[in-house]
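Structure record follows, encoded as structure tokens.
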Amino acid sequence: MGKIEWAMWANEQAIASSAVVLLGGIIAVAGQFPNWPFGAYGIVAGILVALLEYPRSKRQNGKCVERKFQRPLSRVVQCCGLITRNYFVRFVFYLLLTVPCCFILPTLLGGMCFFITSIIYFVAAIKGEEWKPVLEDYKPSQGPTVIEAPRHPPPRHP
């Protein structure tokens with residue numbers, strides 16, 4: 001049985017949470033809720049989290065499928081150092097993002113999703129995981145891999 005990589009789960013949870021908060025913020029601003037500035041906060045927080053979490057981390061076994069157009073954002077996350085690479089910092093970040101999202105109804109669900117994300121990142125931090133860029137595996141001189149077709153057909157039994 002393999003080891004659970006908590007950071008991969010937290011990454012997917014954070015992207016889903018950012019979409020929920022973004023949609024809730026749009027609803028709060030468009031519906032002119034009484035505390036609609038919290039909806040504007042939800043829009044900004046959703047976009048910020050989506051940009052932070054879009055680049056995937058390299059898995060512990062070294063294999064990873066990059067998301068499309070992940071490379072520029074990976075360089076940004078890599079340049080920010082400890083602030084963006086350490087999962088304990090991300091735990092605190094998502095915990096702090098949770099609080100303003102819980103003040104109005106449209107962003108409440110997204111705020112609870114951020115809380116769950118922070119808990120998952122806390123578990124990843126305790127397990128010693130850290131964000132690692134996939135950029136190191138990239139070799140621009142490497143061409144596309146060509147797989148040859150089989151030369152003999154599979155055996156056919158009567």
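Note: hydrogens, waters and symmetry copies are ignored here, and every other heavy atom, side chains too, is used. These numbers were taken from a predicted model, which means no experiment stands behind them.
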Return yes if some donor-acceptor pair links the side-chain N/O of Glu129 with the main-chain N/O of Glu5 below 3.5 Å, else return no. no
Heavy-atom nearest pair, Pro55 first then Ser74, reads CB-OG, 3.3 Å
Verify same cluster id: Phe103, Phe115 (apolar side-chain graph, 4.5 Å): no
Which heavy atom of Phe38 sits nearest a heavy atom of Thr107, and at what distance? O-CG2, 4.5 Å
Starting at OG1 of Thr117, measure out to CD1 of Ile15 and round the result to the nearest 0.5 Å. 10.0 Å
Is there a path of hydrophobic side-chain contacts, each under 4.5 Å between heavy atoms, that joins Val29 and Ile27? no
Should Leu73 and Ile47 be regarded as members of a common hydrophobic cluster, given that ILVMFWY residues are connected when their side-chain heavy atoms come within less than 4.5 Å of each other, either directly or indirectly? yes
Which atom pair, heavy atoms only, marks the closest approach of Leu97 to Ala45? CD2-CB, 4.0 Å
Just checking Phe33: does its CZ atom have more than 12 heavy atoms from other residues, nucleotides or ligands closer to it than 6.0 angstrom? yes
Tyr121 and Tyr94 aromatic ring geometry - parallel, tilted or perpendicular at 30°/60° bounds: parallel
So which of Phe91, Trp6, Tyr87 actually passes ring-ring contact (aromatic ring centres under 6.0 Å, His included) with Phe122? Phe91
Between Leu52 and Phe93, is there a side-chain heavy-atom distance shorter than 4.5 Å? yes
Any idea which heavy atoms bring Leu82 and Val89 closest together, and the distance? O-CG2, 4.1 Å
Ile43 side, atom CD1; Leu48 side, atom CG - distance, nearest 0.5 Å: 13.5 Å
Cluster overlap Trp131 with Phe114, hydrophobic side-chain contacts below 4.5 Å: yes
Between Gly39 and Ala28, which heavy-atom pair has the shortest distance, and what is it? CA-CB, 3.7 Å
Leu22 CG to Ser17 OG distance, which is reported to the nearest 0.5 Å: 12.0 Å
Exactly one of Pro100, Cys101, Cys102 should register a side-chain contact (heavy atoms from CB on, under 4.5 Å) with Thr98. Which one does? Cys102
Just so I know, are the side chains of Glu12 and Arg56 near enough to count as touching, which here means a heavy-atom distance under 4.5 Å? yes
Can you give me the closest heavy-atom contact between Ala14 and Val49, atom names plus distance? O-CG1, 3.7 Å
Is there a path from Ile116 to Val123 through hydrophobic residues (I, L, V, M, F, W, Y) whose side chains come within less than 4.5 Å of each other? yes
Any donor-acceptor N/O pair, Arg90 side chain to Thr84 backbone, under 3.5 Å: yes
